[in-house]
Amino acid sequence: YLFVNRQYEKLANIVSKEVIGKSDYDIFTKPVADLFRSQDKEVKKGKSPVDFTETIPLADGEHTFITSKFPLINSAGHVFAVGGVCTDITERKRMEEKLEKESRRLNEVNIALKVLLKESSQTKDDLEDNMKLNIKSLLLPYIAELESSPLNKKQQFFINIIKTNIDEITSSFSRKLTIEYNELTPREIQIANLIRQGRANKEIARLLNISFSAVDFHRRNLRSKMNIKGKKINLRSHLLSCVG
């Protein structure tokens, strides 16, 4: 060593007079000294600056450096020494490793959430399918039996309401309609479902216990909110095509 500055003394915990005139082998362990010597040889051979990144054990623990080494060339063109400028990037490297570790953890969490959501969605679909199957297999046969027996107008009216409600429960139409047209009111969704089933205004009014004019009012609102007002488009056909 020909010269070291105060930052080097502080970092290596050594004073310059203990360094000047000594080699790397007098200061560092053999593996570290071998590394420095190989770097110096590379710089001398190429006669040009070279950047190195290395992790060196010091008194307060391991430090990572980016070291720029460069040849000092005399007037005859010979390399008589090698200079070096070190930048301690230990904290930066630790932060990068911490961020990388956190990124991997977040990625694992993200993958786990996607799996859970997929499983949750599948479970939900399975539950819905089972519910629909149970309703159709356990209730509809009895309703059909009732319909085949003599019924007065009031009894038939309530049977129709039960069938309508069962169809609403077992259908995903309302949920799809709400997603497609989120401005619809609950009554409009209810009427839209009955229109989709092919119910006439008079029948809808009787099932919902509202006036014929009220049904017509809601039909106009549905056409307006679905952007088909004034167009030659059948409302039931539109409901069947846009949300199934």
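Just so we're clear, the structure is a prediction, and the values are computed from it rather than from any experiment. Only heavy atoms go into these numbers, but all of them, side chains included; no hydrogens, no water, no symmetry mates.
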**Q** With sequence neighbours excluded, what pairs up with Lys30 under the side-chain contact (heavy atoms from CB on, under 4.5 Å) test?
**A** Tyr25, Asp34

**Q** Of all residues at least two apart in sequence or in a different chain, which pass the salt bridge (charged side-chain N to carboxylate O under 4.0 Å, His left out) check with Lys45?
**A** none

**Q** When rounded to the nearest 0.5 angstrom, what is the spacing between CD in Glu108 and CD1 in Ile111?
**A** 7.0 Å

**Q** What residues, two or more places apart in sequence or in another chain, satisfy side-chain contact (heavy atoms from CB on, under 4.5 Å) together with Asn5?
**A** Phe3, Gln7, Tyr8

**Q** So, using side-chain hydrogen bond (donor to acceptor under 3.5 Å, both in side chains) as the criterion, who are the partners of Glu9 when residues are at least two apart?
**A** Ser16

**Q** Could I get the full list of side-chain hydrogen bond (donor to acceptor under 3.5 Å, both in side chains) partners for Arg105, not counting sequence neighbours?
**A** Glu102

**Q** Mind checking side-chain hydrogen bond (donor to acceptor under 3.5 Å, both in side chains) for Glu91 and listing every partner two or more places apart, or none if nothing turns up?
**A** Arg94

**Q** Apply side-chain contact (heavy atoms from CB on, under 4.5 Å) to Asn152 and list each qualifying residue two or more places apart in sequence or on a separate chain.
**A** Lys154, Gln155

**Q** Could you pull out all residues at least two apart from Glu42 that satisfy side-chain contact (heavy atoms from CB on, under 4.5 Å)?
**A** Val50, Phe52

**Q** Distance-only check: which donor-acceptor pairs under 3.5 Å involve side-chain atoms of residues 199-208, not counting sequence neighbours?
**A**
residue	atom	partner	partner atom	Å
Arg199	NE	Gln197	OE1	3.3
Arg199	NH1	Glu203	OE2	2.6
Arg199	NH2	Thr164	OG1	3.3
Asn201	OD1	Arg219	NH1	2.8

**Q** What residues, two or more places apart in sequence or in another chain, satisfy salt bridge (charged side-chain N to carboxylate O under 4.0 Å, His left out) together with Glu62?
**A** none

**Q** Restricting to side-chain hydrogen bond (donor to acceptor under 3.5 Å, both in side chains), what partner residues turn up for Thr55, sequence neighbours left out?
**A** Thr64

**Q** Can you list every pair that meets side chain to side chain donor-acceptor pair (under 3.5 Å) and has a residue in residues 66-77, with sequence neighbours left out?
**A** Gln39-Lys69, Asp40-Lys69, Asp51-Ser68, Glu54-Thr67

